[in-house]
Amino acid sequence: MSLAKFTARSALSAIFVTGGLAEFKNANQLSGAVDGLLEKLPESVRSQIPEVDPSLLVKVSGGTMLTAGSLLALGIKPRLAATILAAQLVPVTLAGHPFWEKNGDEKTGEQIQFFKNLGLIGGLLVVALDGATKKK
């Protein structure tokens, strides 16, 4: 493993390790975002989702970020870890940063966070696809 790849993966994973730990510790305070996202789903979709405690979902999300972020930083199955983080970041971003529902400065702040997460997804996809194509 090269020092450059280790450094890049560690820098990318830092937000997931620290954010995952924070989600896990503060699950009760963050569970409202899960409720808000579920309420926006069509009834036909909601009826197919089993009843689960929203704080448990936040803890699972936090644990996933912490684990996959650590694996990514350490170079253990980095493509798998990056794929998991990218997939997991989509609902987290939609639930946590609905800028389209906000106005003024609040909208601007949420928009920045939304696009920051979009950039993280792009970086994770680069890692996930590393080596997936033939090199000439």
Between Leu72 and Ser13, the two heavy atoms sitting closest are CD2-CB, 4.0 Å
Measure the shortest side-chain to side-chain distance between Leu80 and Leu71 over non-hydrogen atoms and say whether it is less than 4.5 angstrom. no
Using residues 93-100 as the side-chain source, report each donor-acceptor pair under 3.5 Å to any protein atom, sequence neighbours left out, with the distance given to one decimal.
residue	atom	partner	partner atom	Å
Thr93	OG1	Leu89	O	2.7
Thr93	OG1	Asn117	ND2	2.9
His97	ND1	Glu110	OE1	2.7

Specify the closest pair of heavy atoms between Arg79 and Leu129, including all atoms of both residues, with the distance to one decimal. NE-C, 4.5 Å
With sequence neighbours left out, the residues meeting side chain to side chain contact (heavy atoms under 4.5 Å, CB included) with Leu118 are Phe115
Could you state the interatomic distance from CG (Leu56) to OG (Ser61), rounded to the nearest 0.5 Å? 11.0 Å
Between Gln88 and Thr64, do the side chains contain an N or O donor and an N or O acceptor separated by less than 3.5 Å? no
Specify the closest pair of heavy atoms between Lys5 and Asp130, including all atoms of both residues, with the distance to one decimal. NZ-OD2, 3.2 Å
Ignoring hydrogens, what is the shortest heavy-atom contact between Val17 and Gly69? Give both atom names and the distance. CG2-C, 3.7 Å
Looking only at heavy atoms, the pair that brings Ile121 and Ala86 closest together is CG1-O, 4.2 Å
Indicate the atoms forming the closest heavy-atom contact of Ala81 with Ala68, along with that distance. CB-O, 3.4 Å
To the nearest 0.5 angstrom, please state how far the CG atom of Asn28 sits from the NZ atom of Lys59. 6.5 Å
